[in-house]
Amino acid sequence: MSGEGYMYRKRDIRELLEIYEGEILTCPSCGSDKLIRDPARGEIICAECGYVVREREIDRGPEWRAFTPEERERRSRVGAPISPLMGDTLTTDIDWRSKDASGRQIDGARRLDIMRLRKWHTRTRVQSSIERNLSQARIELERLAAQLDLPKHVKEQALEIYRRALESGLVRGRSIESVMAAAVYAACRNLRVPRTLDEIAKFTRAGRKDVARCYRLLVREARVKVPLPDASDFVPRIAGALKLRGETVKLAKEILKRARQMGLTAGKDPAGLAAAAIYIAAIKTGDIRTQKDVARAAQVTEVTVRNRYKELVKKLNIELPLNKR
DNA sequence: AAGACGAAAGTGGTTGA
DNA sequence: TCAACAACTTTCGTCTT
């Protein structure tokens, strides 16, 4: 729940072009009047210092995204908005002592009745608390899924993972948002849908750190098994953003395959590796992209692309036209 | 003028005592 | 919990096209 007062990084600011014009004129943190808007998150940020001047407005519901009828149906079952304020605070427990209101001992069949009652009372309450949490979580999931453009099967698995976490009590004490984000990340990893933790955390109030912690918790406690991240899973998406030819994509994947066989990929950022492979492949096939463009598409820095690419060229003995070293 | 390059210092996360 | 450490980022000066 970092919320108010967190900062944007310099790099993120540069990506945001939309100038904000509105009632707020200066940054309360540094006084600058250069305010910009992040359309993706609906926040207003100071271009000078990165201070978040105004946070994202709360979801305005599904209207910013077209959902399939099927999804709408699922969503509609979520029901009316539930206020987080309406928690368990108003419910009563049945006292565990076998006494009545005036303190007299209760016994016999009457006592059994009460025991049964007590059982149901707590059970239905637990049930509904899980349900309630889950419907909040579902809303959060839809929000994340829309922003991250997640396929349906990922959503389903994310929800399943979340449910398991919830049922084993892992959500208590953590925000629904961060646990759900972690569940989404786990589902992505598991199904090899390439989304980085950063991307997911970007659309979550809870910081990246929180999400990462929850994620590790999930892997440890909820037995979510996760295949190792593979750089070639990132290739199609990066290549898509760069509008590269299929031939180039194929070559990039081949380069990564060789790299993996030689054990060059361990411990390296898969997005960086993919970017480097694409950069090389693009040169070899002739539809050249600059390091800068590739880096931006892969969401890493030029330097990382450069380092990885140098390394790949050297260790795999790749020859590049008109280039030495 | 833009792109590529590499050095150097800084950051956030992991690991092991 | 602290320090060492590896990968990555930021920034910047220089070289190349």
Side-chain angles (χ1 to χ4, degrees), chain A residues 2 5-16 30 45-51 174 178 181-182 185-186 188-189 194-202 204-221 226 228-235 237-238 241-244 248 252 255-256 259-260 262-316 318-325:
Chain A
S2 60
Y6 66 94
M7 301 283 179
Y8 270 55
R9 294 187 305 174
K10 287 258 169 70
R11 193 168 115 236
D12 292 329
I13 294 173
R14 255 183 264 130
E15 307 291 320
L16 308 166
C30 72
I45 310 111
C46 171
E48 292 288 339
C49 67
Y51 182 83
R174 279 167 257 272
S178 53
Y185 179 58
C188 285
R189 287 279 298 268
R195 294 289 183 280
T196 62
L197 185 55
D198 280 305
E199 284 174 274
I200 292 169
K202 199 168 170 183
T204 310
R205 269 158 199 283
R208 185 209 136 90
K209 219 175 164 183
D210 244 333
V211 178
R213 251 210 322 268
C214 291
Y215 167 69
R216 253 177 306 172
L217 191 80
L218 287 183
V219 171
R220 200 154 29 89
E221 302 292 330
V226 172
L228 288 174
D230 181 22
S232 32
D233 291 336
F234 285 81
V235 170
R237 212 161 52 97
I238 299 169
L242 293 169
K243 300 199 172 32
L244 288 168
T248 313
I255 291 169
L256 287 174
R260 194 173 43 231
M262 293 197 59
L264 302 177
T265 56
K268 304 294 197 316
D269 178 3
L273 276 164
I278 284 174
Y279 179 68
I280 296 169
I283 290 172
K284 292 205 96 171
T285 59
D287 52 350
I288 296 172
R289 299 292 182 278
T290 64
Q291 290 181 356
K292 195 190 207 166
D293 288 339
V294 176
R296 195 166 44 198
Q299 311 202 53
V300 297
T301 60
E302 280 173 76
V303 182
T304 301
V305 175
R306 201 147 57 222
N307 290 339
R308 288 294 83 76
Y309 129 80
K310 287 282 169 194
E311 190 178 295
L312 289 179
V313 168
K314 195 169 181 181
K315 301 253 174 79
L316 297 177
I318 296 170
E319 323 181 0
L320 295 174
L322 274 166
N323 277 356
K324 272 192 65 185
R325 245 191 167 294

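Letters A, B, ... mirror the listed sequences (proteins, then strands); counts begin at 1. Hydrogens, waters and symmetry mates play no part in the numbers below; they use all other heavy atoms, side chains included. Remember, predicted model here, so these are calculated numbers, not experimental data.
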Which residue lies toward the 5' end of DNA chain B, A:Asp293 or A:Val303, if each is placed at its nearest nucleotide?
A:Asp293

Straight-line distance of A:Cys188 SG to A:Asp233 CG, nearest 0.5 Å
11.5 Å

Between C:dA7 atom C1' and A:Glu302 atom CD, what is the distance in whole Å?
18 Å

As a test of reading the structure: which of B:dG6, B:dG3, C:dT9 is closest to the side chain of A:Thr301, going by heavy atoms?
C:dT9

Summary of salt bridge (Lys or Arg N to Asp or Glu O under 4.0 Å) pairs that have at least one residue in residues 269-282 of chain A, sequence neighbours excluded:
none

I want to check one thing: is the phosphate of B:dA4, taken as OP1 and OP2, less than 4.0 Å away from some side-chain N or O of A:Tyr279?
yes

What pairs of nitrogen or oxygen atoms, one from the protein and one from nucleotides 12-17 of chain B, lie under 3.5 Å apart?
residue	atom	partner	partner atom	Å
B:dT14	OP2	A:Arg216	NH1	3.4
B:dT14	OP2	A:Arg216	NH2	3.3

Closest to side chain of A:Thr304, choosing from B:dG6, C:dT9, B:dA4:
C:dT9

Distance test, side-chain N/O of A:Arg306 to OP1/OP2 of B:dG3, below 4.0 Å
no

In whole angstrom, give the distance that lies between atom CZ of A:Arg289 and atom P of B:dA4.
12 Å

Separation of A:Lys314 atom NZ from B:dC5 atom C1', in whole Å?
14 Å

Are A:Glu311 and A:Arg308 ion-paired here, with the side-chain N under 4.0 Å from a carboxylate O?
yes

Find out whether A:Leu264 and A:Leu316 are in side-chain contact, i.e. whether some heavy atom of one side chain is under 4.5 Å from a heavy atom of the other.
yes

A:Thr285: what forms a side chain to side chain contact (heavy atoms under 4.5 Å, CB included) with it, not counting sequence neighbours?
A:Arg245, A:Glu247, A:Thr248, A:Leu251, A:Asp287

Phosphate OP1/OP2 of B:dC5: any A:Lys310 side-chain N/O under 4.0 Å:
yes

What is the distance, to the nearest angstrom, from the CD atom on A:Gln299 to the P atom on C:dT10?
12 Å

Taking ring pair (Phe, Tyr, Trp, His ring centres under 6.0 Å) as the definition, give me every residue that meets it alongside A:Tyr215, ordered by chain and number, with sequence neighbours left out.
A:Tyr185

Kindly point out which of B:dC5, C:dT9, C:dA7 is positioned nearest to the side chain of A:Lys268?
C:dA7

What is the distance, to the nearest angstrom, from the CD1 atom on A:Ile288 to the C1' atom on B:dA4?
13 Å

Results of side chain to side chain contact (heavy atoms under 4.5 Å, CB included) for A:Lys209 - residues two or more places apart only
none

Flag, side chain of A:Arg174 to backbone of A:Cys214, donor-acceptor distance under 3.5 Å
no

Can you tell me which stems DNA chain C forms when a stem means 3 or more consecutive Watson-Crick or G-U pairs under 3.5 Å?
B:1-11 with C:7-17, B:13-17 with C:1-5

